[in-house]
Amino acid sequence: MPELPEVETVARSLAPVVGRRIVAAEFRSTRVLRGGDPRSMAQRLRGRRIAGIERYGKFILMGLEGGGYLLIHLGMTGRLLLEGPAAKHTHAILTLDRGVLLYDDSRQFGCFQLSEEFPARLRQLGPEPLEVRFEDFARALRRRNTRIKALLLNQAFVRGIGNIYADETLFRAGIHPLARASRLGGGRARRLFDAMVAVLTEAIAAGGSSISDYVDARGRKGFFQFSHRVYQRTGGPCLTCGTPIRRLLVAARSSHFCPRCQKR
DNA sequence: ATCGGTACCTGCACGC
DNA sequence: TGCGTGCAGGTACCGA
């Protein structure tokens, strides 16, 4: 489900839990737990107050009062919900002193990780795409010989971009998904950077893209899917030139692009 | 050190 | 209606 704009929307919609105390925690699946069993994690969470919610790329970091962190990744189908009832794929239930927070994830690709220190995996991530300076972005591009689509998906390069926003960014920049990163000269690097910032900013303003089941913590859908120009539009006319949108595989992920507007 | 491919899981849309 | 296939917003891990 969730890339940077969706996770940002979820994180903002979780504002009501900040300051609340976790009175009980229940984990019904071990698959989504990283480094802990259901009982010990529940025990360690009980009684702790939620001090803050932050987003790091596609991760949601819940800071706990007195130190400690609950790190959450939504995978493909993870949802955090402020209202029940628990359903078939509800894997975690945090009962708060006021309200509840449920985690639902049909494919179970998401994860929960509880740590007393700042999670090491967050340090492996690249910069936020909405914070990185163009000069640093362009310099990093020059050092990579890989295909630009794969590089945008690489969380160590920039954090938070997934398949939708990689394709939409490349279309707006007029860059072919198979173009080599190191071959993007100053002009194309600039267009790529500007397109990335514009797409992500617009998508956040739209509350993200609801392709099938994505909703924020209050159950609200996003509407950026109506602004997609290439993603999942294979065969449809390019909105700029009318050429049919094509699909190919890059790094084992579907890539949608206009063969006329996006030259190699 | 970087890659491309595969595995992990469930659900859905599609063609037969 | 049922069944097989391919596809889906994610990352991790393997061998080359």
Side-chain angles (χ1 to χ4, degrees), chain A residues 1-11 28-35 55-60 71-80 87-92 103-113 119-126 129 140-170 177-182 199-200 203-204 206-216 221-235 245-256:
Chain A
M1 164 204 325
E3 305 181 31
L4 188 154
E6 291 77 30
V7 180
E8 176 67 23
T9 304
V10 170
R28 299 178 171 180
S29 157
T30 53
R31 179 163 293 280
V32 298
L33 300 187
R34 209 47 73 82
R55 179 189 60 75
Y56 282 76
K58 300 173 192 170
F59 289 89
I60 289 171
L71 183 64
I72 301 169
H73 196 292
L74 302 176
M76 292 273 257
T77 49
R79 309 158 96 165
L80 285 165
K88 183 178 173 187
H89 296 297
T90 300
H91 305 302
Y103 180 67
D104 187 279
D105 185 356
S106 64
R107 291 176 75 180
Q108 298 176 241
F109 287 170
C111 68
F112 273 61
Q113 182 177 332
R121 25 196 325 205
L122 294 185
R123 293 192 212 285
Q124 330 246 10
L125 299 173
L141 270 185
R142 261 179 266 124
R143 283 194 264 111
R144 299 303 203 102
N145 198 31
T146 183
R147 334 213 92 133
I148 188 59
K149 170 69 186 279
L151 189 59
L152 290 175
L153 294 177
N154 182 347
Q155 303 298 297
F157 177 69
V158 281
R159 61 187 196 230
I161 295 179
N163 214 29
I164 295 176
Y165 299 104
D167 283 2
E168 293 299 319
T169 292
L170 289 171
L178 293 177
R180 296 278 171 186
S182 57
V199 165
L200 294 175
I204 290 171
S209 301
S210 289
I211 298 294
S212 63
D213 54 5
Y214 159 74
V215 289
D216 74 8
K221 291 186 173 202
F223 48 89
F224 193 71
Q225 66 276 16
F226 302 119
S227 299
H228 292 175
R229 299 186 191 171
V230 287
Y231 183 75
Q232 288 191 347
R233 291 197 60 243
T234 307
I245 298 302
R246 293 238 287 263
R247 170 181 175 274
L248 58 76
L249 288 181
V250 185
R253 308 296 302 279
S254 282
S255 294
H256 313 79

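Each chain gets a letter, A, B and so on, in the order its sequence line appears, and its residues count up from 1.
- Residue A:Lys58 places at least one side-chain N or O under 4.0 Å from the OP1 or OP2 atom of C:dT11.
- Here, C:dT5 and B:dA7 have their P atoms 15 Å apart, quoted to the whole Å.
- Atoms CG (A:Leu71) and P (C:dT11) sit 12 Å apart, rounded to a whole Å.
- Whole-Å rounding puts the A:Ile60 CD1 to C:dT11 C1' distance at 16 Å.
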Every protein N/O within reach of nucleotides 12-16 of chain C N/O, cut-off under 3.5 Å:
unit_1: C:dA12; atom_1: OP1; unit_2: A:Arg121; atom_2: NH2; d: 3.0

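- Rounded to an integer number of Å, the gap from CZ of A:Arg79 to C1' of C:dG10 is 16 Å.
- Within the nucleic acid shown, A:Ser210 comes within 4.0 Å of at least one base atom, counting heavy atoms only.
- Between the side chain of A:His73 and the backbone N or O of A:Leu71 there is no donor-acceptor pair closer than 3.5 Å.
- Looking only at distances, no side-chain donor or acceptor of A:Gln155 sits under 3.5 Å from a matching main-chain atom of A:Gly57.
- Within the structure, every pair that satisfies the side-chain hydrogen bond (donor to acceptor under 3.5 Å, both in side chains) test and touches residues 222-231 of chain A, not counting sequence neighbours, is listed here: A:Ser209-A:His228.
- Considering every non-hydrogen atom in both A:Gly222 and A:Ser210, the closest pair reads N-OG, 2.8 Å.
- Separation of the P atoms belonging to B:dG5 and C:dC7 is 14 Å when rounded to the nearest angstrom.
- Counting only distance, with no hydrogens or angles, the side chain of A:Glu168 and the backbone of A:Asn163 share no donor-acceptor pair below 3.5 Å.
- The distance from atom CD of A:Gln108 to atom OH of A:Tyr103, rounded to the nearest 0.5 Å, is 9.0 Å.
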CA sep, side-chain torsions, deciding dist, call: A:Glu6, A:Tyr165, side chain to side chain donor-acceptor pair (under 3.5 Å)
CA-CA 11 Å; A:Glu6 291 77 30; A:Tyr165 299 104; 2.6 Å; yes
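- The side chain of A:His89 approaches B:dG11 more closely than any other nucleotide in the set C:dG10, C:dG9, B:dG11.
- Closest to the A:Ser106 side chain, of the nucleotides C:dT11, C:dA8, B:dG11, is B:dG11.
- Distance A:Gln108 CD to B:dT10 P: 6 Å, rounded to the nearest Å.
- Taking atom CZ of A:Phe157 as the reference point, atom P of C:dT11 lies 15 Å away to the nearest angstrom.
- Secondary structure note: stems in DNA chain C built from 3 or more consecutive Watson-Crick or G-U wobble pairs under 3.5 Å occupy B:2-8 with C:10-16, B:10-16 with C:2-8.
- In terms of heavy-atom proximity, A:Val250 sits nearest to A:Ser255 at CG2-OG, 3.4 Å.
- The phosphate of C:dA8 has neither OP1 nor OP2 within less than 4.0 Å of any side-chain N or O from A:Gln232.
- The two atoms that bring A:Ser254 and A:Leu249 nearest to each other are N-CD2, 3.8 Å, heavy atoms only.
- A:Lys88 has a side-chain polar atom (N or O) that falls below the 4.0 Å cut-off from OP1 or OP2 of B:dG11.
- Note: CG (A:Leu249) to C1' (C:dC7) measures 11 Å, nearest angstrom.
- The distance between atom CD of A:Glu168 and atom P of C:dG9, rounded to the nearest whole Å, is 12 Å.
- Among residues at least two apart or in separate chains, salt bridge (charged side-chain N to carboxylate O under 4.0 Å, His left out) pairs with a member in residues 141-157 of chain A are A:Lys149-A:Asp167.
- Listed by chain and residue number, nothing satisfies the ring pair (Phe, Tyr, Trp, His ring centres under 6.0 Å) test with A:Phe109 (two or more places apart in sequence, or in another chain).
- We find the OG1-CG distance between A:Thr77 and A:Asp104 to be 8.0 Å, quoted to the nearest 0.5 Å.
- A close approach under 4.0 Å does not occur between any side-chain nitrogen or oxygen of A:Thr77 and OP1 or OP2 of C:dG10.
- In this structure, the CG atom of A:Asn163 is 5 Å from the P atom of C:dG9, given to the nearest Å.
- Counted within 6.0 Å of CZ on A:Arg246, heavy atoms from surrounding residues, nucleotides or ligands total 12 or fewer; the atom is thus considered open.
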Base versus backbone protein contacts along nucleotides 3-8 of chain B [heavy-atom cut-off under 4.0 Å; B, S, -]
S--B-B
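- The residue A:Tyr231 sits close only to the backbone: its heavy atoms come under 4.0 Å of sugar-phosphate atoms, none of a base.
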